[in-house]
> 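Have a look at this one.
Just so it is clear, the model here is predicted, and its values are computed rather than measured.
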Amino acid sequence: MFSLHFWVFSRCRGRTRRPNYTRIECIENNSLVRAALLRVLALLVGWLAVAHVSITHARDPIDRAVLEAFLDGVIETAMQEAGVVGVTLAVTQDDEIALLKGYGFGNLDEQLEVDPRKTLFRIGSVSKLFTWTGLMQLREQGQVDFDTDINEYLTTLQVPDTFEQAVTLRHLLTHSAGFEERIVRLFGDEARDMLPSSVILNAELPARVRPPGVVSSYSNHGVGLAGLVLEEVSGQSWESYVQEHILVPLEMTDATAFQPLPEAIAPQMSAGFRPINGQPAAQEFVYVPMGSAGGMSASALAMTRFARAHLGDGSVDGGRILRSESVAEMRQPYFDVHPNIKPWLYGFANYSEGDLFIYGHSGGTRQFTTQFLLIPEHNISLFVSTNTRGGKKVTSAVHRQFLDRYFPSESSPFDAVAVPDLETYTGNWSTYRNAETTPDRLLRLTREVQVRKARGDRLRITGLDRKPTYWTPVGVDEFRREDKDTTLLVGTRIRSGDGHCGHYWPEPLVLADVSLSGLEESCWFVDQLRWRKVLTCGEANRLAPVACDHERIRLRFGIEREPCLWLVVHREGDASGDLFRTGDHCFSCLWDAKAA
């Protein structure tokens with residue numbers, strides 16, 4: 001609140017040209033200045049009014065005025081701190097809308113404010129839930145089985161039989177099919193980039209680098225493959241199927257799966273913004289060629305109807321999309337590897353905290369960030385989306401502070417245990433969600449996690465959060481984060497001679513130590529990593545130059561032999577943090593890449 005107060009004052013003095021994200025009009029007029037300051041005071045009062053509000057029993061009603069005052073403070077503060085131009089928000093309880101509100105602008109040039117009923121936001125990977133809903137509809141009709149080889153449903157491509165076990169829809173639903181990560185063809189700048197999924201996947205199908213059902217590693221291309229199954233079985237395009245079988249029955253009139261947007265609702269689309277020289281700049285519409293993985297646009301109001309269907313019996317106001325037993329099944333664990341690790345549900349991420357069951361999904365495109373939560377015990381949904389790069393600061397604040405305020409929980413106590421040699425766990429790590437057979441495998445360097453021994457027989461881990469985190473051993477290969485109710489499990493597995501982590505092979509692991517200097521983010525993400533030269537690993541200590549659009553970087557390789565460590569992270573609350581910023585909600589297998 002104090003930062004907002006100062007911003008209003010300095011804007012009136014002409015010291016900043018920052019856009020008015022919180023609708024405070026400030027010109028050389030003392031009455032308007034006083035009005036703006038009174039608004040700040042009102043927000044502060046709103047914060048104080050909800051100081052001790054929480055929901056202690058199922059179905060306790062939310063006081064809507066208090067909820068609005070509370071979220072106004074959370075969102076407007078986070079918007080200013082992150083420089084976010086616009087936010088759309090919806091909260092439902094007991095099949096009714098508790099709060100529907102827009103903040104800031106969808107169009108700065110025309111000063112069009114966000115209308116939560118009409119303004120469309122790109123919802124990114126929340127679109128996947130529509131793909132999973134469609135596949136559940138097909139299973140209800142007996143057209144697909146979740147444990148059948150997907151090759152039996154595909155005619156335009158075949159998944160290679162790299163491993164004995166076939167890939168099934170159950171594996172795709174839980175991101176456990178064993179594909180490597182790919183970033184190509186995820187976004188496009190023009191309508192001509194919207195190639196059919198069969199064409200994209202025939203050209204860019206990720207390699208199968210581990211057997212299915214071993215580890216969950218988030219895969220957009222895996223969801224694209226599931227979308228292709230939906231298309232071939234139903235005989236409709238993914239966009240047409242979602243429109244006819246989900247959006248129309250639920251009367252989600254201000255939502256679409258089509259790209260480009262239909263002419264009737266195209267004017268409702270919010271611009272997407274990114275900061276340039278400290279100012280938000282509107283960007284062109286970004287296409288998502290594999291729409292089933294993230295191509296939808298929707299208003300907050302439209303998303304309340306999707307939420308109500310999944311919180312209820314599969315219908316809204318007489319329009320049914322699922323049977324009630326199917327809705328219940330979609331909340332069940334579909335991939336569970338350890339009792340201390342939250343399992344993936346039927347396509348939904350598991351955000352549960354303590355005894356409170358929470359599920360949903362996050363989403364992100366180049367400029368938009370979205371969070372969608374469902375709390376069935378209290379029949380509550382929360383949808384929040386931002387239109388500016390860096391908007392995760394807003395969605396994370398809403399997610400975390402809403403739960404802290406209305407469903408406060410205390411971390412369970414734990415006792416430290418002695419560990420003979422913490423050095424076993426130290427090293428530099430990168431996530432298991434990476435390419436292994438293509439040049440974009442170098443992106444793992446941007447996700448490095450450093451594990452070091454700290455004083456007091458603890459681990460100090462850098463890279464899991466914005467600041468270093470400390471972990472106390474509580475059992476055999478088990479650690480607890482000291483400031484959150486978060487569990488870390490470690491198990492030793494030996495990597496196979498061909499470089500696949502997760503198999504029990506006796507061969508030692510060959511690792512590359514990679515040193516990097518002068519790396520700029522733009523180098524890695526400009527134009528979907530269009531390399532001018534493909535990197536090849538040479539002999540030890542060889543300098544291998546690689547050029548990309550804006551930077552030249554040098555990579556130094558060394559060789560050592562070490563066992564592969566399997567590291568599993570259980571993240572409470574905001575599960576899509578820095579390490580898993582694109583959606584690896586449950587866990588990630590990491591490999592040790594420490595220097596020789």
Side-chain angles (χ1 to χ4, degrees), residues 88 90 116-141 143-144 153 156 188 191 193-200 220 223-270 285-310 312 314-323 326-327 330 347 361 363 365 368 370 372 383 385:
T88 192
R117 295 170 178 79
K118 293 292 185 181
T119 307
L120 304 180
F121 278 56
R122 306 305 304 280
I123 63 173
S125 289
V126 178
S127 308
K128 292 176 171 66
L129 302 182
F130 291 80
T131 302
W132 306 137
T133 299
L135 286 168
M136 180 60 84
Q137 291 175 334
L138 294 181
R139 199 192 75 165
E140 288 183 347
Q141 301 162 18
Q143 297 191 61
V144 298
Y153 303 119
T156 54
D193 293 322
M194 293 297 297
L195 300 173
S197 293
S198 59
V199 173
I200 295 173
N220 284 299
V223 182
L225 194 57
L228 182 59
V229 170
L230 184 149
E231 290 183 332
E232 298 213 14
V233 172
S234 70
Q236 295 180 269
S237 69
W238 175 81
E239 295 83 358
S240 295
Y241 184 94
V242 169
Q243 180 72 28
E244 179 179 343
H245 298 282
I246 302 176
L247 302 186
V248 169
L250 293 181
E251 298 181 15
M252 297 176 63
T253 55
D254 297 301
T256 184
F258 287 99
Q259 305 171 87
L261 301 179
E263 290 185 6
I265 62 173
Q268 298 171 215
M269 186 69 224
S270 169
F285 184 88
V286 175
Y287 294 87
V288 182
M290 286 191 301
S292 58
M296 289 192 62
S297 305
S299 71
L301 178 61
M303 289 302 298
T304 65
R305 302 188 69 81
F306 186 71
R308 289 166 58 194
H310 276 279
S315 68
V316 175
D317 299 334
R320 180 170 296 280
I321 59 170
L322 291 170
R323 300 171 185 165
S326 296
V327 172
M330 294 177 78
H361 215 288
T365 64
F368 291 82
T370 300
F372 180 60
F383 173 83
S385 188

> Return the minimal non-hydrogen interatomic distance between P249 and I321, and the atom names on each side.
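Minimum heavy-atom contact is CB-CG2, 4.0 Å.
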
> Could you report the tightest heavy-atom contact between V233 and L138, atom names first, then the distance?
CG1-CD1, 4.1 Å

> If I compare all heavy atoms of T119 with all of S270, which pair ends up nearest, and what's the gap?
CG2-CB, 3.7 Å

> So do the side chains of M330 and L322 get within less than 4.5 Å of each other, counting heavy atoms only?
yes

> Step by step, work out the side chain to side chain contact (heavy atoms under 4.5 Å, CB included) result for F383 and F306.
CA-CA 11 Å; F383 173 83; F306 186 71; over 6 Å; no

> Give the minimum heavy-atom separation between A90 and T304, together with the two atoms involved.
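Closest pair (atom of A90, atom of T304, distance): CB-CG2, 3.4 Å.
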
> Please enumerate all residues that pass salt bridge (charged side-chain N to carboxylate O under 4.0 Å, His left out) together with D317, with sequence neighbours excluded.
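Only R305, R308 meet the salt bridge (charged side-chain N to carboxylate O under 4.0 Å, His left out) criterion with D317.
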
> Among all residues two or more places apart in sequence or in another chain, which pass the side chain to side chain donor-acceptor pair (under 3.5 Å) test with R117?
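By the side chain to side chain donor-acceptor pair (under 3.5 Å) rule, R117 matches no residue at all.
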
> Between the main-chain N or O of V288 and the side-chain N or O of R122, is there a donor-acceptor pair closer than 3.5 Å?
no

> Other residues, nucleotides and ligands only: do more than 12 of their heavy atoms fall within 6.0 Å of CD on Q141?
yes

> Does any part of the side chain of F121, heavy atoms only, come nearer than 4.5 Å to the side chain of T370, both counted from C-beta?
no

> Tell me, do V126 and M303 make a side-chain contact under 4.5 Å, heavy atoms counted?
yes

> Would a 4.5 Å heavy-atom cut-off, applied to side chains only, mark E231 and S237 as touching?
yes

> Is a donor on one side and an acceptor on the other found under 3.5 Å between the side chain of E239 and the backbone of Q259?
no

> Tell me, which pairs form a salt bridge (Lys or Arg N to Asp or Glu O under 4.0 Å) where one or both residues lie in residues 286-296, sequence neighbours left out?
none

> Between T131 (side chain only) and S292 (backbone N and O only), is there a donor and an acceptor less than 3.5 Å apart?
yes

> State, yes or no, whether a side-chain contact exists between F130 and I123 at a heavy-atom distance under 4.5 Å.
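Yes, side chains in contact.
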
> Which heavy atom in W238 sits nearest to a heavy atom in S127, and how many Å separate them?
CZ2-O, 4.3 Å

> With side chains defined as the heavy atoms from C-beta onward, is the minimum distance between L247 and M296 less than 4.5 Å?
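Heavy-atom side-chain distance check passes, below 4.5 Å.
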
> Let me know which of P116, S299, S297 forms a side-chain contact (heavy atoms from CB on, under 4.5 Å) with D254.
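Exactly one pass, corresponding to S299.
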
> Could you check whether any side-chain heavy atom of N220 comes within less than 4.5 Å of a side-chain heavy atom of S125, counting everything from C-beta outward?
yes

> Is there a side-chain contact between E232 and T156 in this structure, where contact means two heavy atoms from C-beta onward sitting under 4.5 Å apart?
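Yes; the side chains approach each other to less than 4.5 Å.
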
